[in-house]
2 protein chains.
Amino acid sequence: MAESDCRKNLIAAAVPLFAAKGLNGVSVRELAGAAGVNLSMISYYFGGKEGLYAAVLTEQFAILGKLEEIEQMEIDTLQKFELYVRATVSRYRSNPYLLRFYTSELTNPTACFETIIKPAIKRVVQMLLETFADGLSGRKFRDDLNPTDTVLALAGMINFYFLLEPATAELVDHSPERDEQLIRHIMDIFTRGVLR
Amino acid sequence: MAESDCRKNLIAAAVPLFAAKGLNGVSVRELAGAAGVNLSMISYYFGGKEGLYAAVLTEQFAILGKLEEIEQMEIDTLQKFELYVRATVSRYRSNPYLLRFYTSELTNPTACFETIIKPAIKRVVQMLLETFADGLSGRKFRDDLNPTDTVLALAGMINFYFLLEPATAELVDHSPERDEQLIRHIMDIFTRGVLR
DNA sequence: ATCCTTCGTTCAAACGTTTGATCAGTTTTA
DNA sequence: TAAAACTGATCAAACGTTTGAACGAAGGAT
């Protein structure tokens, strides 16, 4: 076998378990069992259950970091916002656990919140704020809008749609086939809201 | 002492504890200690820890129910939406734990999710949908908008602002003094988005 | 070539602690 | 005095972590 299948298996098995039940909702025996690995391997490789949880969160949020590529692009400000929206949606689709981890940490923070989640969220919000400032200085956007409220409104429209899925699945069509429609809808509202 | 101070104290003490750490993050001893009550009182009054949790959630979501008063009012559709927004914001201010409980259940559902949280959320979404349908039939609103996406966008703008507070407190002014500005901002974006 | 040691990895077993729940008994209330 | 409210002690089960032994691979030393 390759070097440390244990480590890999543990993280892979831990992702859906931690996402569904939270740090305190899963036992080390359940984690080890799901990974097909001896339970002491958790302490051996990660120093304990919290270490495994931190490793999972680190891996999950590494995916989020690549939003910065969009910020550097030399395109229209509104197009940039649309790219953010598209990137977020496709991220949630390819990784259905990401949103769970970060809302779980927002409501029931663990030790990882200050070290991993909070900096990651602040970075995204700051990125959106800078893009909005670009649009403002380009005289494209209304200057009577509060910038933070505006970018949080955009973020809220996207994130809340996915957050609410477990409760509204019977009421709203959340299928990926409708994502394009959702993106256009959000950008429609947002554009009418911010343009001069 | 009055009849069953125990029961009252337990719920009062359990609200912030469960909200901060979730069902599995708090022990019965911690709950009883915070309430200044013998630990066996939890089983005596609520049949166990989960029973206390269910009682807390029931109490929390009873507050939510009064949104229906707004639906029955005979006022302009857009004003009705603004009242929803105002009611939600003032609810989150007077009860800072409500949002935590319901997002916690959305990400890490317990037995209460199907019985309490999901029906409550569905009821709110349905209410918003009906109001939007009123606006549609009154030819006030654009008829090319997906109704569910529209009402979820409105809900997302409000809820996400409060959900993100622990992470963005240093970046965004979340003080209650700014609530009026927030409400106007959200209604501004929403109005421009949906009006014909 | 053979032996011995060391290393990283894995294992079953046991560790001490904490968990949620229960019970017999006592106090309070009506 | 009977019912309701409450207490402290105790329970088995589950918790996360640690332990010491076992394993194959790798590297010198003889």
Side-chain angles (χ1 to χ4, degrees), chain A residues 1-59 101 104-105 108-113 115-116, chain B residues 1-59 101 104-105 108-113 115-116:
Chain A
M1 284 212 194
E3 175 233 294
S4 99
D5 261 352
C6 260
R7 194 189 167 87
K8 214 193 314 166
N9 287 354
L10 270 172
I11 291 191
V15 167
L17 285 176
F18 277 139
K21 314 195 206 180
L23 172 58
N24 295 316
V26 200
S27 72
V28 286
R29 285 165 178 84
E30 196 177 355
L31 288 163
V37 149
N38 189 281
L39 115 182
S40 38
M41 291 297 94
I42 295 175
S43 289
Y44 182 76
Y45 280 108
F46 303 98
K49 191 168 83 152
E50 296 205 19
L52 172 56
Y53 182 75
V56 165
L57 249 59
T58 305
E59 192 211 54
F101 279 118
S104 170
E105 282 288 331
N108 304 131
T110 70
C112 293
F113 179 71
T115 58
I116 305 179
Chain B
M1 283 210 195
E3 176 235 293
S4 100
D5 260 352
C6 259
R7 193 189 168 88
K8 215 194 312 168
N9 288 353
L10 270 172
I11 291 190
V15 167
L17 285 175
F18 277 139
K21 314 196 207 180
L23 172 58
N24 295 315
V26 200
S27 72
V28 286
R29 281 163 238 274
E30 196 176 354
L31 289 163
V37 148
N38 190 285
L39 146 182
S40 13
M41 290 298 94
I42 295 175
S43 290
Y44 183 76
Y45 279 110
F46 304 97
K49 189 168 81 151
E50 295 205 22
L52 173 56
Y53 182 75
V56 166
L57 249 60
T58 306
E59 192 212 52
F101 279 117
S104 170
E105 282 288 331
N108 304 130
T110 70
C112 293
F113 179 71
T115 58
I116 305 179

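Every chain is numbered from 1, with letters handed out A, B, ... down the list of sequences.
Regarding B:Asn24, its CG atom lies at a distance of 10 Å from the P atom of D:dC15, rounded to whole Å. Distance NZ (A:Lys49) to P (D:dG16): 4 Å, rounded to an integer number of Å. Rounding to whole angstrom units, CD1 of residue B:Ile42 and P of C:dT19 are separated by 12 Å. One atom, CZ of A:Arg29, and another, P of C:dC15, lie 14 Å apart when rounded to the nearest Å. What separates CG of B:Asp5 from P of C:dT28 is a distance of 15 Å, to the nearest Å. Nucleotide C:dG25 holds its P atom 17 Å from the CG atom of B:Asn38, rounded to whole Å. Regarding B:Tyr53, its OH atom lies at a distance of 20 Å from the C1' atom of C:dA21, rounded to whole Å. Rounded to whole angstrom, the span from the CG atom of B:Leu23 across to the C1' atom of C:dT19 amounts to 13 Å.
Residue side chain B:Ser40 does not reach the base of C:dA21 through any donor-acceptor N/O pair under 3.5 Å, judged by distance alone.
Here the shortest heavy-atom pairing between B:Asn24 and A:Gly25 reads ND2-CA, 3.5 Å. Closest approach of A:Pro16 and A:Ala12 over heavy atoms only: CD-O, 3.2 Å. Across A:Ala19 and B:Asn108, no two heavy atoms sit closer than the pair O-ND2, 3.0 Å. A:Ala32 approaches A:Leu10 most closely through the heavy-atom pair CA-CD2, 4.3 Å. Between B:Asn9 and B:Ala35, the closest heavy-atom pair is O-CB, 3.6 Å.
Comparing C:dT10, D:dT17, D:dA9 by their nearest atom to the side chain of B:Leu39 picks out D:dA9. Counting only heavy atoms from C-beta on, A:Cys6 has its side chain closest to C:dT10 among D:dG8, C:dT10, C:dA12. Among D:dC6, C:dG20, C:dT10, the nucleotide with an atom closest to any side-chain atom of A:Met41 is C:dT10. Comparing atom distances between the B:Val28 side chain and each of D:dT17, D:dT7, C:dA21 picks out C:dA21 as nearest. Distance from the side chain of B:Tyr44 is smallest for D:dC6 among the nucleotides C:dT10, D:dC6, C:dA12.
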Atom pairs and distances, side-chain donor-acceptor, residues 41-54 of chain A, under 3.5 Å, sequence neighbours left out:
| residue | atom | partner | partner atom | Å |
| --- | --- | --- | --- | --- |
| A:Lys49 | NZ | A:Leu23 | O | 3.0 |
| A:Lys49 | NZ | A:Val26 | O | 2.7 |
| A:Tyr53 | OH | A:Glu105 | OE2 | 2.6 |

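Inter-axis angle, ends of the helix from C:dA1-D:dT30 to C:dA30-D:dT1, five pairs per end, rounded to 10 degrees: 10°.
Remark: A:Tyr45 is in phosphate contact with C:dT10, judged by side-chain N or O atoms under 4.0 Å from OP1 or OP2.
Looking at heavy-atom distances under 4.0 Å, A:Ser43 makes contact with a base. Using a 4.0 Å heavy-atom distance criterion, A:Phe46 is classed as making no nucleic acid contact.
Residues that satisfy the salt bridge (charged side-chain N to carboxylate O under 4.0 Å, His left out) test with A:Glu30, not counting sequence neighbours, are A:Lys21.
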